[in-house]
Structures are given as C-alpha cells and as structure tokens.
Amino acid sequence: MAFDFSKNDLFIDTDKKLNKKERDFLEVIREKYKNKNEKYVIFTEKELLNIVKDKTSIQDFLDKFSKRRIHLKLVEKDEEIFFSSFPIFDFYLRNREEYRLYVSRSLKSLKESGIFDDIDLLLILLFRDKKSFQLYLAMIKNRNHNGFLISRDNLKELLGVGQENYERFYDFEKTILKPALEDINQLTKYNIEYSKIKSSEGFTSKIMEIEFKFSHKLSSIVAEEVDRLLLPLRDRVQSISKVSKVIEEVLLKEGVDFVRNNLYHLDKGMSGFLDSAICLALKENPNTEYEEKYILVSKTSDVFSNKFIFESRLYKELLKCKFYYNYNFLKILRGMTLGETLEYKDERHKINILYLDKGRESSIEIYKIAEEATGEKK
C-alpha cells in the first residue's frame with residue numbers, strides 16, 4: 001500500500017552528515033541501482049579509485065560506509081506511525097578487481113512494497129540541505145496539479161525558517177529558496193520554477209505569495225516514446241488514450257526498459273484486445289507468463305576423484321563465463337548433495353551441477369540469458 005504524502009509527512013536522515021566522497025559514492029550507487037531489481041550493484045576497482053583516490057583506502061572506505069544508517073520516520077497528524085533504521089548496503093564482496101555491494105534488504109523491501117512509489121529514498125540523502133527535501137516533498141504532494149500556491153509565511157514555516165528571520169524576501173530568496181531549487185532541479189527528474197505575487201502593483205509592494213510550477217524533464221519526448229512502444233500493439237488496443245496514459249505514467253516512473261520488457265510478449269499466445277493485459281502487465285509488474293530464455297554456454301562432463309577437485313573445476317568454469325561467487329550461490333553450493341542435481345539462477349545465469357563419485361561422470365552446465373549470451377536485444 002502506497003503512503004499518502006498528501007496527508008502525511010516523511011522525515012529521512014543519516015546518522016551523520018555525508019562527506020563529499022560519501023555523497024559521490026552514494027550518487028553512483030543510486031544511478032546503478034535505479035530502475036533495477038538486482039540484489040547488488042557492481043563497482044570496478046577503477047570506479048572506486050575515482051572516488052576514494054587511494055587503492056589502499058578502498059576497504060577502509062567501504063567498511064566505514066557500510067556502517068552508515070538511514071533513519072526513516074513517517075508522521076500522520078503529528079503522530080509517528082512508522083520508524084525504520086537500516087544500512088544502505090548489507091555487505092560487499094571483492095573478486096579480483098570487481099566489488100559487489102549487496103543493497104540493504106530493508107531498502108530493497110521498501111522499494112518493492114510500493115510504499116514509497118513517489119519518493120526515491122537514496123535521492124533524498126543527496127540533497128545538500130533538509131530544506132531542499134521539504135520543498136521537494138511539497139512538490140510531490142501537489143504533483144497532480146503541476147504546481148501550488150503558498151503564502152510567504154507558510155513557505156518559511158515549510159522550510160523551517162523562523163518568521164523573524166530574513167525579513168527582506170530578497171535575502172530569503174538568495175540564501176534559502178534558490179539553493180533548494182537548484183538542488184531539486186539538478187538532482188531530480190523535475191524542473192521547478194516560481195513566480196512572486198505582490199500585495200499590489202507598486203514597485204515597493206511586499207511579496208505575499210509564491211507560485212511554484214513544475215514539469216517532468218522528459219515530458220517533451222515522452223509522447224514520442226509512448227507512440228514507439230505502443231506501435232506494435234496498436235491494432236489490438238481499443239482505447240488508445242487510456243492505454244497511452246498508463247504507459248506514460250509507468251514510463252516516467254520505471255523507465256523505457258521496464259515498459260518494453262513487460263509489453264514485448266503480450267501479443268504472443270493471447271487473442272482479442274490487449275487493453276486490460278497491458279494495464280495489468282505495467283501496474284502489477286508481472287512478466288509472469290514469460291520465462292527468461294537461457295542459452296547453454298558451457299558444459300563439462302568428467303570423472304572427479306573427490307568433491308574438492310570437482311569444486312575447483314567448477315570455479316574455473318564459472319570464471320570463464322564471468323560468473324563470480326556470491327553469498328547466495330555459496331549457500332546453495334554448501335548444500336550440494338551427492339547424486340542430486342543442484343540448480344542456481346540469478347539475473348544473468350542458470351547453473352546446473354551434478355556431483356557423482358566412484359568413477360561416475362559428474363556434470364557442470366552453465367547457461368546465460370539470451371541477451372547476455374548473444375549480445376543481442378530481445
């Protein structure tokens with residue numbers, strides 16, 4: 001169930017203010033994690049060196065950053081109704097020059113729950129000042145109206161500025177308002193502008209209200225992208241306007257790849273009009289009727305004198321296919337039973353393993369999804 005930001009307030013912060021290196025690092029994490037549903041994000045050693053600057057400091061930096069916690073609080077009518085505290089990532093692994101950071105299970109769970117559909121939690125931490133977030137939250141609350149009107153005094157209150165401070169609007173505008181707007185325009189997917197409304201037409205008249213207007217940065221090209229995505233299905237859609245609106249909403253929220261992947265297989269094996277199926281596919285994020293196609297890229301059949309030698313061979317074959325051990329795979333591997341086929345799947349690979357002793361042939365089969373194996377888009 002989504003949290004209603006029109007009636008409630010959200011407070012989010014870290015245990016300590018992020019320094020520049022941590023902000024740069026978090027920004028890259030967010031970009032890598034955005035619009036994806038993976039358990040981890042991958043960094044090369046070179047990418048980390050660009051942030052940390054010193055190879056010997058990478059582990060220290062990751063260890064300290066892993067202890068950073070996000071504090072999240074939801075308030076309804078001045079009553080705290082929800083509180084959570086969790087790290088940004090749970091742990092990391094290094095394999096040669098590649099680092100895998102496993103995103104916090106709490107952060108992943110909140111994202112998947114849909115509670116914060118309108119809010120990018122990692123983005124909020126990148127704002128340079130809490131005032132930026134308060135203005136951003138007000139914008140989200142009024143998103144359906146593309147703007148809002150607020151009195152000068154209420155704007156000060158919203159941004160946590162005392163009424164006795166910044167008596168001249170010019171000073172408030174320069175010190176508080178413009179930096180907050182610059183933060184929002186630079187970091188978010190929205191452009192926000194404002195105009196000042198005076199008490200009268202006179203040059204020295206006092207500014208009484210401020211009108212904010214905002215638009216999505218992609219709005220100029222979204223219509224074109226919607227048409228492109230809908231074109232293959234157009235003849236099987238009854239209400240073009242209704243379906244286009246659904247595609248536009250999801251496109252802005254989830255991105256082109258998400259929409260394309262969920263629409264691609266709809267016209268296969270289905271008869272009649274697809275209006276309901278399209279809406280369901282995008283709103284419910286199913287991909288349920290399509291099972292990812294895997295291509296066999298490596299097969300090994302051999303006799304191994306013991307389990308240790310078998311696992312050593314497995315490790316070499318997996319490295320050839322650019323698969324690196326992770327916690328989930330190791331956990332499954334530890335449970336491998338003599339004579340039973342073990343199957344492991346992740347976002348890119350499928351691995352079937354069968355270990356047999358007493359001179360019998362064991363087998364290792366490694367598959368990649370079609371796109372990864374062929375380099376072609378589906």
Side-chain angles (χ1 to χ4, degrees), residues 1-14 17-18 23 70-84 110 115-217 219 249 252-253:
M1 182 178 70
F3 188 71
D4 188 352
F5 290 102
S6 64
K7 299 176 182 177
N8 304 277
D9 290 309
L10 168 70
F11 299 90
I12 182 169
D13 206 352
T14 53
K17 191 171 182 179
L18 299 177
R23 281 176 49 80
I70 298 174
H71 303 307
L72 182 69
K73 180 170 66 173
L74 306 179
V75 176
E76 181 178 324
K77 297 178 181 177
D78 297 326
E79 180 186 356
E80 184 180 306
I81 61 173
F82 179 87
F83 177 82
S84 182
L110 287 171
I115 295 174
F116 299 103
D117 276 348
D118 291 330
I119 296 289
D120 182 339
L121 295 177
L122 293 183
L123 166 70
I124 294 166
L125 300 178
L126 292 173
F127 285 137
R128 289 173 176 78
D129 195 282
K130 290 181 182 179
K131 297 176 180 62
S132 305
F133 171 59
Q134 293 306 322
L135 187 57
Y136 175 67
L137 186 59
M139 186 190 75
I140 293 295
K141 287 182 177 182
N142 294 277
R143 188 179 59 175
N144 293 335
H145 306 293
N146 297 318
F148 64 97
L149 184 68
I150 187 170
S151 71
R152 173 179 172 167
D153 290 346
N154 285 344
L155 180 60
K156 277 189 169 184
E157 184 179 346
L158 172 71
L159 300 183
V161 177
Q163 297 298 334
E164 70 280 5
N165 298 324
Y166 301 106
E167 188 174 335
R168 291 196 313 162
F169 186 82
Y170 171 82
D171 297 326
F172 170 77
E173 184 179 35
K174 180 181 178 182
T175 309
I176 304 295
L177 184 55
K178 285 187 174 180
L181 290 175
E182 186 179 332
D183 235 4
I184 293 171
N185 288 334
Q186 180 182 342
L187 292 172
T188 77
K189 56 190 177 184
Y190 295 99
N191 284 319
I192 183 168
E193 300 175 339
Y194 69 99
S195 55
K196 297 168 277 191
I197 300 173
K198 294 184 175 182
S199 56
S200 64
E201 296 295 329
F203 181 75
T204 58
S205 298
K206 188 175 181 180
I207 293 167
M208 302 300 293
E209 294 177 314
I210 297 88
E211 183 177 17
F212 292 97
K213 291 184 179 179
F214 38 84
S215 60
H216 200 288
K217 290 176 181 176
S219 58
E249 288 175 358
L252 290 172
K253 180 179 165 186

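Model, not experiment: these values are computed from the prediction. Both backbone and side-chain heavy atoms feed into the values below; hydrogens, waters and symmetry mates do not.
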Original post:
Crowded around Glu193 CD? As in, over 12 foreign heavy atoms under 6.0 Å?
Top reply: no

Subject >> Side-chain heavy atoms of Tyr136 within contact of Phe214, under 4.5 Å >> reply: no

**OP:** Quick one: pull up CD1 in Ile197 and CD1 in Ile150 and give me the separation to the nearest 0.5 Å.
**Re:** 12.0 Å

**OP:** Measure the spacing between CG of Leu135 and CD1 of Ile140 and express it to the nearest 0.5 Å.
**Re:** 11.0 Å

**OP:** Assess whether atom CD of Glu182 is packed by more than 12 heavy atoms of other residues, nucleotides or ligands within 6.0 Å.
**Re:** no

Subject >> Shortest non-hydrogen separation from Ile184 to Ser132 and the atoms involved >> reply: CD1-O, 3.7 Å

**OP:** Tell me, please, which residues at least two apart from Lys196 pass salt bridge (Lys or Arg N to Asp or Glu O under 4.0 Å).
**Re:** Glu173

Original post:
Should we say atom NZ of Lys198 is surrounded by more than 12 heavy atoms from elsewhere, each under 6.0 Å from it?
Top reply: yes

**OP:** Any chance you could measure Glu211, atom CD, to Lys213, atom NZ, to the nearest 0.5 Å?
**Re:** 4.5 Å

**OP:** Rounded to the nearest 0.5 Å, what's the gap from CG on Asn154 to CZ on Phe148? Could you check?
**Re:** 10.5 Å

**OP:** Could you label the plane-to-plane angle of the His71 and Phe83 rings as parallel, tilted or perpendicular, counting under 30° as parallel and over 60° as perpendicular?
**Re:** parallel

Original post:
What closest approach, in Å, do Pro179 and Thr175 show between heavy atoms, and which atom pair accounts for it?
Top reply: CG-O, 3.4 Å

Original post:
Would you say Leu149 and Phe212 make side-chain contact, with heavy atoms under 4.5 Å?
Top reply: no

Original post:
Is a side-chain N or O of Asn185 found less than 3.5 angstrom from the main chain of Ile192, in a donor-acceptor match?
Top reply: yes

Original post:
So, do Met139 and Tyr190 sit near enough that their side-chain heavy atoms are less than 4.5 Å apart?
Top reply: yes

Original post:
At what distance, to the nearest 0.5 angstrom, does CG of Leu177 lie from CZ of Phe172?
Top reply: 5.5 Å

Original post:
Tell me the salt bridge (Lys or Arg N to Asp or Glu O under 4.0 Å) pairs involving residues 145-168, sequence neighbours left out?
Top reply: Arg168-Asp171

Under 3.5 Å donor-acceptor pairs involving side-chain atoms of residues 121-131, not counting sequence neighbours:
residue : atom : partner : partner atom : Å
Arg128  : NH1  : Asp183  : OD1          : 3.2
Asp129  : OD1  : Lys131  : N            : 2.8
Lys130  : NZ   : Asp13   : OD2          : 3.1

Original post:
So do the side chains of Ile81 and Val75 get within less than 4.5 Å of each other, counting heavy atoms only?
Top reply: no

Original post:
Given side chains that start at C-beta, do those of Phe169 and Ile210 come closer than 4.5 Å, heavy atoms only?
Top reply: yes

